[in-house]
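What follows is one structure encoded as structure tokens, with my remarks underneath.
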Number of protein chains: 2
Amino acid sequence: MNKRRITSKELAKLAGVSSATISRAFSPDSRIGSATRDRILSVAREHGYQPNAIARSLNNQRSRLVALVVNAIGNPCEAEEQQLLVHRLQARQLLPIILCCADHDDRLQLMRLASTYQVDHVVVFSDMVSMQDAVDIFHTTKPIIVSFEPLENENVSNIRIDGSAAADEIIEKIVKDGKKRFAYLSGTKSSWIDKLRRKWFADALAKRGLAIEAEAFGDYTYDSGFKEAVLLLHRSKVDAIICGNDVMAIGARDAARRMLGKNTPDDIAIVGQDGIAMAAWDCNDLTTLSLDHVAFIDAVVDLIERHDADLPGPHSITLTCNARWGSTA
Amino acid sequence: MNKRRITSKELAKLAGVSSATISRAFSPDSRIGSATRDRILSVAREHGYQPNAIARSLNNQRSRLVALVVNAIGNPCEAEEQQLLVHRLQARQLLPIILCCADHDDRLQLMRLASTYQVDHVVVFSDMVSMQDAVDIFHTTKPIIVSFEPLENENVSNIRIDGSAAADEIIEKIVKDGKKRFAYLSGTKSSWIDKLRRKWFADALAKRGLAIEAEAFGDYTYDSGFKEAVLLLHRSKVDAIICGNDVMAIGARDAARRMLGKNTPDDIAIVGQDGIAMAAWDCNDLTTLSLDHVAFIDAVVDLIERHDADLPGPHSITLTCNARWGSTA
DNA sequence: TCTGTTTGTGTAATCGTGTACACAATCATG
DNA sequence: CATGATTGTGTACACGATTACACAAACAGA
């Protein structure tokens, strides 16, 4: 119990070889007698020896650590993607370090801390950090950065999301249903992705001679969706609310029903964004502009693998969203 | 761009000192002239130098990494606690490595991988790994393990959860409302925590001359809650379902309403467990046996800090749950 | 048999820090 | 002013692996 881990040198003594041979026994393709290897692996198992990844990282300049910069873990919009990505990383023997930006006072400090661990890759989900900051902090440690936000930089790969067609489809249907006055409920005041999403819908409305009449700002949570929807519906006569994400949409739907007695889709149309699993639950049944999470994470993993294999240059992948129909619009 | 990180030796040359002095400049309390330190820090900032945490870890035998063994990231029951814990760890300059067990074929392999990174602490949320396995794998690297499951071991601290009183309260109310036939919908077939939770309710029923009449097994997801509830309600005439977690409870509630036209709480009582934020949403309004997440994570952090400061021995903390009332029971 | 290749292993340097030890310079104290 | 404590810095080694290089043994082909 509680005994210190055995080192390769100690194991070498036990197996009657040099520490170099120990190392070779654990490197798949290296010149070593198969008899020796078997003996070493057996002795290693017996003593619970495993090569120290920290020492190994120091030597090869590869940590096999990946920093995941996220807003929050609990937030379902990201959680499903995080889950998927973590799974994929683990299958490739890469370990994720989570950097949770939501309630951390000094996000840059946090990223600097992670950068000292020589992470091999960085994936930025969060829209709370400026991409330029991420590059500045991590460029000294050479990892590639995968991010939503397009940034021309030789170290940054991007996943671009295009939801304009899906937004157009959704607006088409809502307008056909007779709705005329639209509100947009943003998730943040300053996020790049939020502005992009808003533009998809604004463009679709403009095409039909309509516009976003009212606007509100929440923080991607149910409570903020609920609260802002109440305020919105009290101060303006909108009959459709496009929300920055699904969770806020659920909050807005509840607010309309509970506080103003308005039901979807007859009295008011409500649209979410993300396409989280919960949106499809029977009690929610949300109409939402949905991103294919699997395709999204496939793209991220693809970029990471490309970089892991030292293939040249950063890349850019564009994914399109699609409409997922529920009973709220 | 993309230039290799500067090392302490290179910085030493630039600042006209030895690499040892560089190291001292970054160690808060070490003998160094304040003028020298200021100069070094300034040159360091200029060149983007930060001490390499990997090398430092190798040297001090402290990685400041914490392994978080969880079932899934997306699962809301854990997500809130994870979020809180990650926040606390980050505030202490500890970085979390996530080990996601849910869909990983070889959990032990995964834990072994993490153990090679010499993590300082391990927190086991998941009930999918046997505690004994965790101890076997991590004991060679000396970290303390914080876990739900009580295990007598000098390296394991426990957080025990007691929900018996709250379960009694809840059963009391449901029985008073006239319900007589109870079903229990488990989250897993084999989990230790699931059996414990079930026992709280079974005991409360036994006290009143009642028992769990029907039983089903899901996997903590909405879909499984929905599906199992349908089967359960078709094969037996229960009028109350206690669910292994909140998400399944929401699924069960939807199933009862949608597939059998039974509403809560009049036709059927439905109870969740965990007390996740979503349970309190207006559209759910779940009665649930709730754990105080903040207190829980406080306890975890307390144990970690104690161990981080090299205070003696593992400890055990017991927390009690309380009933949170909604309109489903 | 002689030479040239292949195979298996050990030696020693390296990765980037932290720190024990040594030593010079500065300071306090009588 | 002499002496001892304190302060600031450099030198050298340790942390635990990987790997270039060297070298002996085994083996191939003529």
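Just so we're on the same page: letters track the sequence lines, and every chain starts at 1.
Note on residues 52-79 of chain B: no pairs pass ring pair (Phe, Tyr, Trp, His ring centres under 6.0 Å), not counting sequence neighbours. Sorted by first and then second residue, the pairs that involve residues 49-64 of chain B and meet salt bridge (charged side-chain N to carboxylate O under 4.0 Å, His left out), not counting sequence neighbours, are B:Arg62-B:Asp308, B:Arg62-B:Asp310.
With sequence neighbours excluded, the residues that form a side chain to side chain donor-acceptor pair (under 3.5 Å) with B:His315 are B:Arg306. For the side chain to side chain contact (heavy atoms under 4.5 Å, CB included) test, no residue two or more places apart in sequence or in another chain qualifies with A:Gln61. For the salt bridge (charged side-chain N to carboxylate O under 4.0 Å, His left out) test, no residue two or more places apart in sequence or in another chain qualifies with B:Asp194. When the side chain to side chain donor-acceptor pair (under 3.5 Å) test is applied to A:Arg160, the partners found at least two apart in sequence or on another chain are A:Ser316. Looking at residues two or more places apart in sequence or on another chain, you find a side chain to side chain donor-acceptor pair (under 3.5 Å) between A:Arg92 and A:Glu305. Under the side chain to side chain donor-acceptor pair (under 3.5 Å) criterion, B:Ser19 pairs with no residue at all, not counting sequence neighbours.
Atom C1' of nucleotide C:dT17 and atom CD1 of B:Ile6 are separated by 16 Å, given to the nearest angstrom.
Taking all atoms of both residues into account, the shortest heavy-atom contact from B:Val119 to B:Ala114 is CG1-O, 3.9 Å.
Nearest-nucleotide assignment on DNA chain D puts the 5′-proximal partner with B:Val17, out of B:Val17 and A:Ala20.
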What does the list of N/O pairs under 3.5 Å between the protein and nucleotides 4-8 of chain C look like, with a distance for each?
residue	atom	partner	partner atom	Å
C:dG8	N7	A:Arg31	NE	3.3
C:dG8	N7	A:Arg31	NH2	3.1
C:dG8	O6	A:Arg31	NH2	2.6

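The shortest distance between the side-chain N/O atoms of A:Ser18 and the OP1/OP2 oxygens of C:dG10 is below 4.0 Å. Side-chain nitrogen and oxygen atoms of B:Ser8 include at least one within less than 4.0 Å of the OP1 or OP2 phosphate oxygen of C:dT17.
Rounding to the nearest 0.5 Å gives a distance of 9.0 Å between CD1 of B:Ile6 and CD of B:Glu46.
Ring-plane geometry between B:Phe125 and B:Phe296 is classed as tilted, the angle between the planes lying from 30 to 60 degrees on a 0 to 90 degree scale.
Counting non-hydrogen atoms under 4.0 angstrom, A:Thr7 reaches the backbone sugars and phosphates but no base.
Annotation: side chain of A:His121 is not in contact with side chain of A:Leu89 (no heavy-atom distance under 4.5 Å). Side-chain atoms of B:Asp127 and B:Tyr220, non-hydrogen and from C-beta on, do get closer than 4.5 Å to each other.
Helix-axis bend for the helix from C:dT1-D:dA30 to C:dG30-D:dC1: the local axis fitted to the five terminal pairs at one end deviates from that at the other end by 30°, rounded to 10°.
DNA chain C lies under 4.0 Å from at least one heavy atom of each of the following residues of residues 53-62 of chain B: B:Ala55, B:Arg56, B:Asn59, B:Asn60.
Reading DNA chain D from its 5' end, the first and the last nucleotide to sit under 4.0 Å from a heavy atom of chain B are D:dT7 to D:dG16.
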